[in-house]
Amino acid sequence: MRSYTFFERFSRAFHDYPSLSKLIVVSTVSGGGLIAYSDANASTDDAHAVKPPEAGLKKKKVVVLGTGWAGTSFLRNLNHPSYDVQVISPRNYFAFTPLLPSVTCGTVEARSIVEPVRNIVRKKNVDVCFWEAECFKIDEENKKVYCRSNQNSNLNGKKEFAVDYDYLVIAMGARSNTFNTPGVEENCHFLKEVEDAQRIRRTVIDSFEKASLPNLTDEERKRMLHFVIVGGGPTGVEFAAELHDYVNEDLVNLYPAVKDSVKITLLEAADHILNMFDKRITTFAEDKFQRDGIDVKLGSMVVKVSDKDISTKVRGNGETSSIPYGMVVWSTGIGPHSIIKDFMKQVGQTNRRALATDEWLRVEGCDSIYALGDCATVNQRKVMEDIAAIFSKADKDNSGTLTVKEFEEVIKDICERYPQVELYLKNKKMSGIVDLLKEAKMDVAKESIELNIEEFKSALSEVDSQMKNLPATAQVAAQQGTYLAKCFNRMEECEKNPEGPLRFRGSGRHRFQPFRYRHLGQFAPLGGEQTAAQLPGDWISIGHSSQWLWYSIYASKQVSWRTRALVVSDWMRRFIFGRDSSRI
């Protein structure tokens, strides 16, 4: 029998029990300490154990399409053993996409932000099977999905197969939106996948190597080292900042002969970059980029991209210009995959940008199909569409009028079913629903307020103006995946004892509480070890302290202690040795 050395035993212990790595404290080189703490506890803890299904009961088959933020979050939190889960995705790993801009410049290595799907699900008490394939058709009528293996090896001509399901979870993400601009697909880089980031990194190094050759003119050299980013959102801004730091902190020392030829341009069609952030952050970002020498062109719409030039038009006066470039990164929003477009036509959802779901993430018109993440949008029902049903449900004595007491009995269910009501009261700085009703009945005491149907409509007429679509972010997708998994875990229990709000257009209650997004804040790294943070409560922080907060939160949000250790070690390596410029 073979005897293991101490180091082999030590390694096997950490491999078999990843939680042991929580004992490691990583010290940083800036005089302080950074402890990466994760709130994502394993979903298979004894405290959360679920009783196994009774013998003889057939397990429901759940098919999950995609291993992004939404799909992975669903898998990590699903812990009821009554499901047989089949995961299908063209990539066999989860990628921490917020760090993709860091991968483009070698601040973080690509393998540090990916975790194999099989590692994530291997210790769960749910039967989970993964197939690396791409779904190309969804048959809602027959409850089948048709898939195609993306392996190029010999499969005896059997690359396509069909999978049956009881429940289908669509979490396929989205593709970059080119807005049908000529030349974008052929000549631009995107930043949606790990492969995109690696491709950009190689192109940056290639540009510097080509520009260093002796047989080039100054004009050709400047063109090769002109990096253009299209889109002033978080991804475009962060990549521009990362690229600026990479060039000025590392590459100019390795390529001193061409350092004066480097130029970074950011094109944004709107009036400002980072439009979704507070104006203070927008102003600071624009001023910082100007100081750093990043050329920000606002109101510039791209109309065409050739192999060497990018054509733009100024919004307003229509003035056109041509900009020579060496590399273009396109980051202007997202659009649906072709399979999602086909499925939308199948279920009667034409002329939409994403798959419409109800507040429980169920695809509209489909009882057993759910969609979450970037491929879907929650279609929040309007209060005014159900105003008559709400009034009827609240008017228990059928008097034709609604008193404050009657309304207060259903207000909790109304706010749960229609979150825009609560937002409206908050934005109007109203203490409660009584203030809203008093607007319809001026100079009337609280106890005497009685509203008929028309007065009730008038009181709630502006409530729906607070409805907003959820942003297509990792934060939204992760929360949706967690929510849906908890619903599946409690499916049987809630069938018997519904815990959702009242059904205003029917009888009884909904099975679950509707999905409610909780915004936890957002970051915008601006380079030079400075980050802008916008957190709940209108709390704005800009500078070096926010950068350390960014480090801590992004380390803690990794899906495993392995990737957490790799990312933090990459940051330390960059602080000590700089970024790697090898082309591998």
Side-chain angles (χ1 to χ4, degrees), residues 100-101 104-105 175-193 195-211 216-244 246-248 251 258-275 285-286 289-290 292-335 527:
L100 283 180
T104 62
C105 299
R175 61 173 181 82
S176 297
N177 195 348
T178 66
F179 300 98
N180 296 319
T181 306
V184 172
E185 292 279 0
E186 297 82 4
N187 301 301
C188 294
H189 290 271
F190 302 102
L191 193 49
K192 287 287 292 178
E193 304 288 345
E195 293 82 357
D196 297 333
Q198 292 175 310
R199 198 175 299 116
I200 290 172
R201 183 176 178 180
R202 288 193 295 267
T203 303
V204 171
I205 299 301
D206 285 346
S207 298
F208 274 85
E209 291 293 350
K210 291 176 184 177
L216 295 176
T217 65
D218 289 340
E219 184 178 344
E220 289 175 320
R221 193 169 284 113
K222 287 182 178 180
R223 182 189 65 80
M224 286 183 178
L225 295 178
H226 187 193
F227 303 99
V228 180
I229 300 101
V230 183
T235 302
V237 167
E238 185 174 352
F239 171 67
E242 281 279 356
L243 182 60
H244 174 268
Y246 187 29
V247 170
N248 288 276
L251 295 182
V258 300
K259 65 179 182 180
D260 295 330
S261 301
V262 181
K263 183 179 181 181
I264 301 174
T265 299
L266 179 64
L267 303 178
E268 169 57 43
D271 295 329
H272 296 283
I273 61 175
L274 298 176
N275 277 320
E286 291 174 353
F289 276 13
Q290 185 177 8
D292 290 343
I294 299 175
D295 186 15
V296 179
K297 295 184 181 294
L298 301 173
S300 295
M301 300 172 59
V302 176
V303 294
K304 184 181 179 182
V305 182
S306 68
D307 59 343
K308 292 183 179 180
D309 300 276
I310 182 168
S311 301
T312 64
K313 181 173 67 174
V314 177
R315 186 168 53 84
N317 58 24
E319 181 182 346
T320 60
S321 60
S322 182
I323 304 173
Y325 71 88
M327 183 185 79
V328 176
V329 174
W330 188 272
S331 177
T332 61
I334 58 174

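The first residue of the sequence shown is numbered 1, and numbering continues consecutively from there. Scope of the values below: all heavy atoms of this structure, side chains included, with no hydrogens, waters or symmetry mates.
Residues Asn187 and Val328 have side chains not in contact (no heavy-atom distance under 4.5 Å, counting atoms from C-beta outward). With contacts defined as side-chain heavy-atom distances shorter than 4.5 Å, the pair Val204/Leu251 qualifies. A 4.5 Å side-chain heavy-atom check between Thr104 and Phe239 finds at least one atom pair inside the cut-off. Between Leu243 and Val329 the shortest side-chain heavy-atom distance does not fall below 4.5 Å. Proximity of Leu191 to Pro101: side-chain heavy atoms (C-beta onward) are separated by under 4.5 Å at one or more points.
A donor-acceptor contact shorter than 3.5 Å links the side chain of Thr332 to the backbone of Asn177. Between the Glu286 side chain and the Ile273 main chain, a donor and an acceptor come within less than 3.5 Å of each other. Using a distance-only test at 3.5 Å, with no hydrogens or angles considered, no donor-acceptor pair links the side chain of Glu238 to the main chain of Thr235. Here the side chain of Thr181 pairs no donor or acceptor atom with the backbone of Val184 at under 3.5 angstrom. In terms of modelled atom types and a separation under 3.5 Å, the side chain of His189 and the main chain of Asp196 share no donor-acceptor contact.
Here the closest non-hydrogen pair linking Gly527 and Ala241 is N-CB, 3.5 Å. Of all the heavy atoms in Cys188 and Val305, the pair that sits closest is SG-CG1, 3.9 Å. For the pair Ala270 and Asn275, the tightest heavy-atom approach, listed with the atom from each and the gap, is CB-ND2, 3.2 Å. The two residues Ser331 and Gly236 make their nearest non-hydrogen contact at OG-N, 3.6 Å. For the residue pair Thr203 and Met327, the shortest heavy atom distance occurs at CG2-SD, 3.6 Å. Nearest heavy-atom pair across Met224 and Ala211 is SD-N, 4.0 Å.
To the nearest 0.5 Å, atoms CD (Glu195) and CG (Leu100) are separated by 9.5 Å. Atoms NZ and CD1, from Lys210 and Ile205 in turn, are 12.5 Å apart once rounded to the nearest 0.5 Å. Of the inter-residue distances, the one linking Gln198 atom CD with Ile200 atom CD1 reads 10.5 Å to the nearest 0.5 angstrom. The line from NZ of Lys263 to NE2 of His226 is 5.0 Å long, rounded to the nearest 0.5 Å. The line from CG of Leu266 to CZ of Phe289 is 6.5 Å long, rounded to the nearest 0.5 Å. Atoms CG and NZ, from Asp260 and Lys222 in turn, are 9.0 Å apart once rounded to the nearest 0.5 Å.
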Legend entry - Criterion side chain to side chain contact (heavy atoms under 4.5 Å, CB included) on Ile264 and Asp292, from CA distance to verdict: CA-CA 10 Å; Ile264 301 174; Asp292 290 343; over 6 Å; no

Inset, instruction - I would like to know whether Ile334 and Lys192 meet side chain to side chain contact (heavy atoms under 4.5 Å, CB included); could you show each step before the answer? - result: CA-CA 9 Å; Ile334 58 174; Lys192 287 287 292 178; 3.7 Å; yes

Inset, instruction - Give the intermediate values and the outcome of side chain to side chain contact (heavy atoms under 4.5 Å, CB included) for residues Phe190 and Thr178. - result: CA-CA 10 Å; Phe190 302 102; Thr178 66; 4.0 Å; yes

Inset, instruction - List the steps and the verdict of side chain to side chain contact (heavy atoms under 4.5 Å, CB included) for Ile229 and Trp330. - result: CA-CA 6 Å; Ile229 300 101; Trp330 188 272; over 6 Å; no

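When the shell of 6.0 Å around CD of Glu219 is examined, it contains 12 or fewer heavy atoms from other residues, nucleotides or ligands. Annotation: Gln290, atom CD; neighbour count of heavy atoms from other residues, nucleotides and ligands within 6.0 Å does not exceed 12. Under a cut-off of 6.0 angstrom, the local environment of CG in Asn317 is crowded, with over 12 non-hydrogen atoms contributed by other residues, nucleotides or ligands.
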Pairs of donor and acceptor atoms involving the side chains of residues 318-325, under 3.5 Å and at least two apart or interchain, shall be tabulated with distances.
{"unit_1": "Ser321", "atom_1": "OG", "unit_2": "Thr312", "atom_2": "OG1", "d": "2.9"}
{"unit_1": "Tyr325", "atom_1": "OH", "unit_2": "Ser306", "atom_2": "O", "d": "2.4"}
{"unit_1": "Tyr325", "atom_1": "OH", "unit_2": "Asp307", "atom_2": "O", "d": "3.4"}

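Using a 4.0 Å cut-off between charged side-chain N and carboxylate O, Asp271 and Arg315 make a salt bridge.
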